[in-house]
Amino acid sequence: MAALLRIEGLSIRFGGLQALEDFSLAAPAGSITALIGPNGAGKTTAINCVSGVIAPDSGAVDFDGEAVLGLPGHKLARLGLTRTFQNLQVFGLMNVRENVMVGLHADSHGGFSAAMLRLPFLRRQEAAIRERADEMLALFGLEELAGQPAGELAYGDQKRLELARALAARPKMMLLDEPVAGLNPAETEQLGELIVKIKDQGIGVVLVEHDMALVMRISDQVAVLSGGKLIAQGPPDRIQQNPEVIRTYLGGGEEFGLLA
C-alpha cells in the first residue's frame, strides 16, 4: 500500500539529549499506524516535527506527494493533515458546536465586508459549516451537548470533541497523540471504535498511544521507538513476538496484555 505520509531521517537534539535519530516511517491512507515506546522515546517529538510545532535538525516529510516539513499547522490542515494533542485543546468558553465550527472556518471565504453585509453566499457557507459540525457531533455522540460550554464537558467528552473537530475538516490523515490518556476502560473502548470508524472512511491515522491492548487491537502496523531510534516495525502480532521490543520496552511482555 502506497504511503500517504512519508517521514525520512528525522533527527533532532535538545541540548545533550538526542530526541530523534534518523527516524523514518511510512503511513498509508485507510490504515492505523501506531507509534509506541516508553516515556521519552521520541514519539510526541516525531509528531511535533511532522505537524510543524518544532523544526528538526535534519530529515524530510512528504504528505500526499508534497514536501511539507516546516509548514505551519493551518497550512497542513488545508492539505488534509490534522492532529490532536496530549493536553486538551478545546475552547472552554465556546459551546461544543462552536468548537467544531472553528476548525471549519479556516477554509471559509469572505472578508469583513461580506460578513457585515451578510451576503447570500456567506449565509450559505455558514449553514454548510453548521451542518457539517452537527454531523460530527452526531457521529461522536455529542449532539445533545451542542449548546453546552466545552469547558464544562466531562474529560472523556472533551476528548471526543477534539476528535470531532479534527475530523470535521475532512482530513486525509490524522495524527492522534495519546487520545485515550486518562479515560476509563469503557471510554477507551468507545474511542477506539471511533478511531476504527475514521480509518474505515479511508483516512490514515498515526496513533501515539501507551494503551497496549488498544494499540494491538486496532492497529494495522506498529512502529516502536526507543531512545529516539526506530527499533522495530510491523503488524501487531509480529511486534508482540519481537525479542528486542520485549527486552527494551516491555520487560517480560506482559504489558501487551495479549500474550496468553
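Positions are given from 1, in the same order as the sequence printed here. Computed from a prediction, not measured in an experiment: that's the story for all the values here. Computed from heavy atoms alone, side chains included, the values below leave out hydrogens, waters and symmetry copies.
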Find the distance between CD (Q201) and CZ (R170) and round it off to the nearest 0.5 Å. 10.0 Å
Does R6 reach the main-chain N or O of D62 with its side chain, forming a donor-acceptor pair under 3.5 Å? no
Do V205 and S31 have side chains that approach each other closer than 4.5 Å (heavy atoms only, starting at C-beta)? no
For residues L142 and D157, determine if any side-chain heavy atom of one lies less than 4.5 Å from a side-chain heavy atom of the other. yes
Would you sort out whether L81 and V50 count as a side chain to side chain contact (heavy atoms under 4.5 Å, CB included), showing the intermediate values? CA-CA 10 Å; L81 182 64; V50 171; 4.0 Å; yes
Side chains of Q221 and T33, donor plus acceptor under 3.5 Å: yes
Does E189 come within less than 4.0 Å of R217, counting only side-chain N to carboxylate O? yes
Report yes if the side chains of S226 and E244 come closer than 4.5 Å at any heavy-atom pair, otherwise no. no
Test L20 against every option in T45, I7, L230 by the side-chain contact (heavy atoms from CB on, under 4.5 Å) rule and name the one that passes. T45
Ion pair check, K159 and E162, cut-off under 4.0 Å: no
Taking all non-hydrogen atoms of both residues into account, name the closest pair between M216 and P236 and its distance. SD-CB, 3.6 Å
For a side chain to side chain contact (heavy atoms under 4.5 Å, CB included) check, start with the C-alpha distance between Q233 and V224, then their side-chain angles and the critical distance, and finish with the verdict. CA-CA 6 Å; Q233 184 173 352; V224 187; over 6 Å; no
On a heavy-atom basis, which atom in D211 and which in L214 lie closest, and how many Å separate them? OD1-N, 3.0 Å
Answer yes or no: is there an ion pair linking R97 with D134, defined by an N-O contact shorter than 4.0 Å? yes
Do D177 and T44 have side-chain atoms, one donor and one acceptor, less than 3.5 Å apart? yes
About how many Å separate CG of L137 and CD of E144, when rounded to the nearest 0.5 Å? 11.5 Å
Among the clusters formed by ILVMFWY side chains lying less than 4.5 Å apart, do F14 and L225 turn up in the same one? yes
Linking I/L/V/M/F/W/Y whenever their side-chain heavy atoms sit closer than 4.5 Å, directly or via other members, would L5 and V53 fall into one cluster? yes
Using atom types as modelled and distance alone, determine if a side-chain donor or acceptor of T82 lies under 3.5 Å from a backbone N or O of M174. no
Is there a donor-acceptor contact under 3.5 Å from the side chain of K43 to the main chain of E178? no
Atom of A46, atom of L35 and distance for their closest heavy-atom approach: CB-CD2, 4.2 Å
Check whether any side-chain heavy atom of R165 sits under 4.5 Å from a side-chain heavy atom of M101, and report yes or no. no
Q240 and I246: which non-hydrogen atoms are nearest, and at how many Å? O-CD1, 3.3 Å
Determine yes or no for a side-chain-to-main-chain donor-acceptor pair under 3.5 angstrom, with N99 supplying the side chain and N95 the backbone. yes
V196 with V180, same ILVMFWY side-chain cluster at under 4.5 Å: yes
If I compare all heavy atoms of A150 with all of Q158, which pair ends up nearest, and what's the gap? O-NE2, 3.4 Å
Decide yes or no for L161 and V96: does some side-chain heavy atom of the first lie under 4.5 Å from some side-chain heavy atom of the second? yes
Could you state the interatomic distance from CD1 (I198) to CG (L163), rounded to the nearest 0.5 Å? 5.0 Å
Are any non-hydrogen side-chain atoms of N242 and I231 less than 4.5 angstrom apart? no
In sequence, state the C-alpha distance, the side-chain angles, and the governing distance for F63 and K172, and then conclude on side chain to side chain contact (heavy atoms under 4.5 Å, CB included). CA-CA 10 Å; F63 178 69; K172 299 173 185 176; 3.9 Å; yes
Counting only N and O atoms by type, is there a donor-acceptor contact under 3.5 Å from the side chain of D220 to the main-chain atoms of I32? yes
For residues L93 and P149, determine if any side-chain heavy atom of one lies less than 4.5 Å from a side-chain heavy atom of the other. no
For A26 versus A3, what's the shortest heavy-atom pair and its separation? CB-CB, 3.8 Å
Using the rule that Ile, Leu, Val, Met, Phe, Trp and Tyr join whenever any side-chain heavy atoms are under 4.5 Å apart, tell me whether L10 and L17 fall into a single cluster. no
When rounded to the nearest 0.5 angstrom, what distance separates CG in L167 from CD in E135? 10.0 Å
Distance check, rounded to the nearest 0.5 Å: M173 atom CE versus I203 atom CD1? 10.0 Å
Chi angles and distances behind the side chain to side chain contact (heavy atoms under 4.5 Å, CB included) call for N39, H210: CA-CA 9 Å; N39 290 330; H210 283 286; 3.2 Å; yes
CG of N184 to OG1 of T188, rounded to nearest 0.5 Å, is 6.5 Å
